[in-house]
Asks: 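Right, I'll just put the structure down here and ask away after.
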Amino acid sequence: MPRSFELTGAPALARALAGGSQPQAGLRQLDAALARDLGHRLFTVLALDWTRGLSVRHYSSAPLAYPPGGAKPIVPGGEFHARVIEAGEPRFCADADAIRAAFPDHALILSLGCESAVNVPVRWNGRTLGSLNLLHEAGWYGEDMLPVLRVYGAMAVPLLQQIHLDRSHDNTTTGETP
């Protein structure tokens, strides 16, 4: 029997995006909306920092295990780079073997009870700004979730734009090149 998914969390996310305290208020509500509509055991938001060659974590539903500020190198030619960053398509990992193959930190991921994942590109104007990363039990995520994943990826655009703007502002006040 096919699964059905709805955007029941989208109205609350839209209200949060219209309010202040961005991007944190919006990121918290995005977490709640995705948890409600699709489910996750771990949710993170990564922003691409091309100047430093890093994918930087700006939000985590499990900050003790995956604190904001953590970073991974952007690896051109890797599967994540090719599929999520360049092609702008979600990447699915269906089980523990796929998690082991995709993530260097697979031991920590698996220790949190996460054996499947989906990395959703957040894109604007043909360019990937970052990704929404949802992890859950084995077999949780599938292609049938694509319509909902794409809507939430699009709704995350202003959040990633604000993160990039804040980083650019921080760099100009510290004298670093954005």
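Numbers here simply count residues along the sequence, with the first being 1. Keep in mind the model is a prediction, meaning the values are calculated, not measured.
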Asks: Would you give me the side-chain donor-acceptor pairs under 3.5 Å for residues 16-23, sequence neighbours excluded?
Replies:
residue, atom, partner, partner atom, Å
Gln22, OE1, Gly26, N, 3.1
Gln22, NE2, Ala16, O, 2.6
Gln22, NE2, Gly19, O, 3.3
Gln22, NE2, Gly20, O, 3.4

Asks: Who pairs with Arg123 by salt bridge (charged side-chain N to carboxylate O under 4.0 Å, His left out), at least two apart in sequence or on another chain?
Replies: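 Applying salt bridge (charged side-chain N to carboxylate O under 4.0 Å, His left out) to Arg123 gives none.
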Asks: Under the side chain to side chain contact (heavy atoms under 4.5 Å, CB included) criterion, do Arg150 and Glu89 qualify, and how do the steps go?
Replies: CA-CA 9 Å; Arg150 287 196 168 115; Glu89 292 296 326; 2.6 Å; yes
Asks: Among residues two or more places apart or on two chains, list those pairs meeting salt bridge (Lys or Arg N to Asp or Glu O under 4.0 Å) that have a residue in residues 63-76.
Replies: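 Passing the test, one end in residues 63-76: Lys72-Asp105.
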Asks: Looking only at heavy atoms, what is the nearest atom pair of Pro147 and Asp144, with distance?
Replies: CD-O, 3.7 Å
Asks: Between Gly130 and Leu160, which heavy-atom pair has the shortest distance, and what is it?
Replies: CA-CD1, 4.1 Å
Asks: Are Val120 and Phe5 connected into the same hydrophobic cluster when the rule is that any two of I, L, V, M, F, W, Y join if their side-chain heavy atoms are below 4.5 Å apart?
Replies: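 Yes, Phe5 and Val120 fall within the same hydrophobic cluster.
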Asks: Check the hydrophobic clustering (I, L, V, M, F, W, Y; side-chain heavy atoms under 4.5 Å; chains of links allowed) and say if Tyr141 and Leu46 are grouped together.
Replies: no
Asks: Which pair of heavy atoms, one from Ala47 and one from His58, lies closest together, and at what distance?
Replies: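 Here Ala47 and His58 meet closest at CB-CD2, 3.5 Å.
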Asks: Under 4.5 Å between side-chain heavy atoms, counting indirect links through other Ile/Leu/Val/Met/Phe/Trp/Tyr residues: same cluster for Leu30 and Met145 or not?
Replies: yes
Asks: Measure from the side-chain N and O atoms of Arg83 to the backbone N and O of Pro90, and report whether any donor-acceptor pair falls under 3.5 Å.
Replies: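 It does hold such a pair.
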Asks: Other hydrophobic cluster members with Phe80, side-chain heavy atoms of Ile/Leu/Val/Met/Phe/Trp/Tyr under 4.5 Å, chained?
Replies: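 Traced through the cluster, Phe80 reaches Leu48, Trp50, Ile74, Val84, Ile85.
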Asks: Under the salt bridge (charged side-chain N to carboxylate O under 4.0 Å, His left out) test, which residues partner Glu86, sequence neighbours left out?
Replies: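 Result, salt bridge (charged side-chain N to carboxylate O under 4.0 Å, His left out) vs Glu86: none returned.
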Asks: Given a cutoff of under 4.5 Å between side-chain heavy atoms of I, L, V, M, F, W and Y, with clusters grown through shared members, what are the other residues clustered with Tyr66?
Replies: Leu42, Ile99, Phe103, Leu108, Ile109, Leu110, Leu112, Leu135
Asks: Give the cluster check for Val56 versus Val157: same hydrophobic cluster or not, with ILVMFWY residues linked at side-chain heavy-atom distances below 4.5 Å.
Replies: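 Val56 and Val157: separate clusters.
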Asks: The criterion is salt bridge (charged side-chain N to carboxylate O under 4.0 Å, His left out); which residues satisfy it with Arg100, sequence neighbours excluded?
Replies: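 Salt bridge (charged side-chain N to carboxylate O under 4.0 Å, His left out) check on Arg100 returns Asp97.
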Asks: Give the minimum heavy-atom separation between Arg91 and Ala102, together with the two atoms involved.
Replies: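 Here Arg91 and Ala102 meet closest at NH1-CB, 3.7 Å.
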Asks: My understanding is that only residues two or more places apart in sequence, or in another chain, count here; which of them pass ring-ring contact (aromatic ring centres under 6.0 Å, His included) with Phe43?
Replies: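 Per chain and number, Phe43 pairs via ring-ring contact (aromatic ring centres under 6.0 Å, His included) with His40, Tyr59.
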Asks: Which ring-ring contact (aromatic ring centres under 6.0 Å, His included) pairs, counting each pair once, include a residue from residues 110-136, with sequence neighbours left out?
Replies: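 Of all non-adjacent pairs touching residues 110-136, those that pass ring-ring contact (aromatic ring centres under 6.0 Å, His included) are His136-Trp140.
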Asks: Tell me, which pairs form a salt bridge (Lys or Arg N to Asp or Glu O under 4.0 Å) where one or both residues lie in residues 13-41, sequence neighbours left out?
Replies: Arg41-Glu137
Asks: Same hydrophobic cluster for Leu54 and Ile163, using side-chain heavy-atom links shorter than 4.5 Å among ILVMFWY?
Replies: no
Asks: Taking Tyr152 for the side chain and Ala10 for the main chain, is one N or O donor matched with an acceptor at less than 3.5 Å?
Replies: yes
Asks: Side chain to side chain contact (heavy atoms under 4.5 Å, CB included) for Leu13 and Gln29? Distances and angles first, verdict last.
Replies: CA-CA 5 Å; Leu13 176 57; Gln29 192 58 50; 4.1 Å; yes
Asks: Do Leu7 and Val148 come within less than 4.5 Å of each other through their side chains, counting heavy atoms only?
Replies: yes
Asks: If you take all heavy atoms of Ala94 and Ser116, which pair is closest and at what distance?
Replies: O-CB, 3.6 Å
Asks: Considering residues at least two apart in sequence or located in another chain, which fulfil the salt bridge (charged side-chain N to carboxylate O under 4.0 Å, His left out) criterion with Arg57?
Replies: none
Asks: Taking the side chain as every heavy atom from C-beta outward, state whether Leu149 and Leu38 have any pair of such atoms under 4.5 Å apart.
Replies: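 Result yes, sub-4.5 Å side-chain heavy-atom pair found.
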Asks: Does Ser60 reach the main-chain N or O of Ala62 with its side chain, forming a donor-acceptor pair under 3.5 Å?
Replies: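 Flag set: sc Ser60 to bb Ala62 pair under 3.5 Å.
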Asks: How close do Val122 and Gly153 get, counting heavy atoms only, and between which atoms?
Replies: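 Smallest interatomic distance, heavy atoms only, reads CG1-O, 3.6 Å.
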Asks: Say you draw a straight line from SG of Cys93 to CG of Asn119; how long is it, rounded to the nearest 0.5 Å?
Replies: 6.0 Å
Asks: Any chance you could pull the hydrophobic cluster mates of Val75, using side-chain heavy atoms under 4.5 angstrom and chaining through other members?
Replies: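 Hydrophobic cluster check, Val75: no partners found.
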Asks: Going through the checks in order, is the side chain to side chain contact (heavy atoms under 4.5 Å, CB included) test met by Gln24 and Gln162?
Replies: CA-CA 10 Å; Gln24 289 307 314; Gln162 186 65 50; over 6 Å; no
